[in-house]
Amino acid sequence: MALGRAAGGLLGWYAFSGFARLRRAVGSSIPATEQMWTVTSGVVLAVARLVVTALVLIPCPVRPGRIGVVAAIAGAVVAVALTAVITSPALRNGDDARYVIAQTAQDVGGRVAAWPGRLGQQTFEMPWTPTGPFYPSSTPRPAGDGFVAMRETPRAVIAYDAAGRERWRYSRIGPGSARLAGFEVFDDGGVVVTRAYEDGVTLVTALDAVTGSTLWSSTDPLVAAALRPRSVNAVQSPFLIARDERRWTLFDARTGVQKWSIPNPVQCGADYDPQPMTSLFDDIASYSIDNRHRLVTIGDCSTSDRIELREFSVSPETGELLTHRVVPAFTTGERRDVRHWWAIPAGSDGYSVRIAWLSTVRVSDVFVDIPSGRGVDLGDGNRWASSPSDGGFLVLNDRQARQYSGTGDVGCEFTVPNVFYGAVAMLTDQIVIVDDSDPQQTMLRLFNRSDCRESAAVPAAVTRKYREILYLDVMRGVTLLRLDKPSGPPTLFGYA
């Protein structure tokens, strides 16, 4: 009976003390390592509290008063002793720094390096050992003073400057089997957010992209959800946002603090009976294609006899719904003629929606500039490249390339060299195209973005061989020529 009363008292205290709310707050701010090691201490203290309470509640005939007082005092002393003996080692064992191997760097006088304006000269060559050919974090990402990527042996997130020199690295060796599982870049290249898994718990750690110093860490499942795209083909948002069917919740990537949470704005309406079209990659009815200015989702509210794609955009600062309107240009198409559709971010503040038809091999491609609401028919060409600095993009139709501004204005055109592969990069002032039509010497052809005239053709640092692939990646302050081989590690060549 006494033990029952004690347990009831503890349950009452738990219900009215606000402990659950405080526990959630601790869980989102204290690393999982400290939480795991202090569980034992918490259990022992709870048992000690239960025993002491039971001794006090035992009736006097069974427990003389003096013995009861002595027992209560003894129980309190034992509880304090257990706290000191267990909690101190637990906190030492739970110190997350014990499981982190990190090297930081000094600030270089700015948040992030600028995008490269011109190709420049080759500045470095380095072998590349990514985590795997299809692992998302294996590809270098623009961030900080150059680029960041995750490499194996040992697995670590490493940042390099524009000259290919290592600036900082971050790695984990525990607790248990916890290892880095990936990372994303936010805050316009200023913050790198890593994730590690251990026993079903995701530990999220944010690092300054320039120095590698730790900004914050969290085990909040909602923060972890913001790092997981909805599907393997989903576009990673530049914002740390968690989306589900009910709510959108956005976190400040630099502080980890929740900025706002709103009901999911992507709704067709109560009077609608949507029958979504087939999407290209996954069985989803919407594409989230955020840009640096706003959160954007294209939702499919089509019915059995009508195409209706809707644009929803939200302010990342306030969570306010900025636009909700029908995507232009597709309202007159035949619903039954749709093969599939997809949407991607495009321009400086816009997107591109493409629909493939059953009756023709032609693909309809429309670019929409969100601030003006203007739709631009891009024809049946392929969007070939885009500029990370201003949002301008290239559309290729056969060998004819047309340049568009970040708002969709038509620019100059030029004829593309007769290339077998043809990687391309849009810098601030130049367009760089890999020309490997000559098996003896791969060339890099440079075109001015101002008038599309070819300004130079320079030998590439490497000549592509059979079954090898060349990529061009625009990083902060440097352009990477990446050679992928069927066997052996890739190689990076830096130009700045």
Side-chain angles (χ1 to χ4, degrees), residues 105 107-124 139-149 159-165 167 183-192 208-211 235-239 253-254 289-294 344-351 369 383-395 401 403-409 411-412 423-434 444-452 455-456 458 461 470-482 492-496:
D107 201 330
V108 292
R111 289 196 57 197
V112 294
W115 297 108
R118 308 181 73 83
L119 181 67
Q121 304 295 320
Q122 182 188 344
T123 55
F124 67 87
T139 303
R141 308 280 188 88
D145 195 35
F147 57 99
V148 179
Y160 301 86
D161 65 13
R165 297 180 296 250
R167 280 190 51 80
F183 74 93
E184 300 296 341
V185 177
F186 300 98
D187 196 30
D188 201 22
V191 175
V192 176
D208 183 272
V210 176
T211 65
V235 177
Q236 178 63 45
S237 174
F239 300 99
R254 184 154 286 271
I289 47 175
D290 306 335
N291 60 54
R292 70 183 69 176
H293 302 288
R294 67 185 77 210
I344 55 176
S348 58
D349 189 2
Y351 58 89
D369 178 58
R383 200 172 72 106
W384 197 22
S386 60
S387 168
S389 61
D390 55 41
F393 56 95
L394 281 177
V395 173
Q403 185 177 186
Y404 290 83
S405 71
T407 57
D409 296 325
C412 54
V424 62
M426 288 188 74
L427 311 183
T428 304
D429 302 317
Q430 284 182 330
I431 298 170
V432 185
I433 299 176
V434 175
L444 300 179
R445 297 191 178 273
L446 311 180
F447 296 80
N448 297 325
R449 287 190 61 185
S450 58
D451 56 13
C452 292
S455 59
V458 298
L470 283 171
Y471 298 93
L472 280 171
D473 302 312
V474 184
M475 301 289 121
R476 290 286 181 172
V478 63
T479 303
L480 298 180
L481 178 65
R482 176 163 50 97
L492 295 182
F493 304 89
Y495 289 81

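Scope of the values below: all heavy atoms of this structure, side chains included, with no hydrogens, waters or symmetry mates.
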Under 4.5 Å between any side-chain heavy atoms of Pro116 and Val474, yes or no? yes
One should read off an interatomic distance between Arg445 CZ and Ser455 OG, to the nearest 0.5 angstrom, of 11.5 Å
At their closest point, which heavy atom of Phe183 faces which heavy atom of Val192, and how far apart are they? CD1-CG1, 3.7 Å
Return the CG to CG distance between Asp107 and Asp145, rounded to the nearest 0.5 Å. 9.5 Å
Separation between CD of Gln403 and CZ of Phe393, rounded to the nearest 0.5 Å: 10.0 Å
Between Val148 and Ala143 the two heavy atoms that sit nearest each other are CG2-CB, 3.8 Å
Spacing of Phe147 atom CZ and Arg167 atom CZ [to the nearest 0.5 Å]: 12.5 Å
For the residue pair Gln236 and Val185, establish whether any side-chain heavy-atom pair is separated by less than 4.5 Å. no
Sidechain-backbone polar pair: Thr123 side chain, Gly494 backbone, donor-acceptor under 3.5 Å: yes
Is there a salt bridge (charged side-chain N to carboxylate O under 4.0 Å, His left out) between Asp208 and Arg254? Walk through the geometry before answering. CA-CA 8 Å; Asp208 183 272; Arg254 184 154 286 271; 3.1 Å; yes
Do Asp390 and Arg449 come within less than 4.5 Å of each other through their side chains, counting heavy atoms only? yes
Closest non-hydrogen contact found for Leu481 with Ala461 is CD2-N, 4.4 Å
Between Val434 and Leu472, is a side-chain contact (heavy atoms from CB on, under 4.5 Å) present by the stated rule, with each step listed? CA-CA 8 Å; Val434 175; Leu472 280 171; 3.7 Å; yes
With no hydrogens and no angle check, is any side-chain donor or acceptor of Arg476 less than 3.5 Å from a backbone partner on Ala113? yes
Backbone of Phe493 reached by a side-chain donor or acceptor of Gln122 within 3.5 Å: no
Quick check: closest heavy atoms across Val210 and Gly144, and the distance to 0.1 Å? CG2-CA, 4.0 Å
State the OG-CD1 distance between Ser237 and Ile289, to the nearest 0.5 angstrom. 11.0 Å
Compare every heavy atom of Cys452 with every heavy atom of Phe447, then report the nearest pair and how far apart it is. CD2-O, 3.6 Å
Would you say Val478 and Tyr160 make side-chain contact, with heavy atoms under 4.5 Å? no
Worked verdict on Trp384 versus Ile433 for side-chain contact (heavy atoms from CB on, under 4.5 Å): CA-CA 11 Å; Trp384 197 22; Ile433 299 176; 3.9 Å; yes
On a heavy-atom basis, the closest approach of Pro388 and Met426 is CD-O, 3.6 Å
Within the 4.5 Å heavy-atom criterion, are Phe124 and Leu480 side-chain neighbours or not? yes
Report yes if the side chains of Arg118 and Asn448 come closer than 4.5 Å at any heavy-atom pair, otherwise no. yes
State, yes or no, whether a side-chain contact exists between Thr139 and Tyr471 at a heavy-atom distance under 4.5 Å. no
Any heavy-atom pair between the side chains of Leu427 and Val432 that's under 4.5 Å? yes
Would you say the side-chain atoms of Asn291 pair up with the backbone N or O of His293, donor to acceptor, closer than 3.5 Å? yes
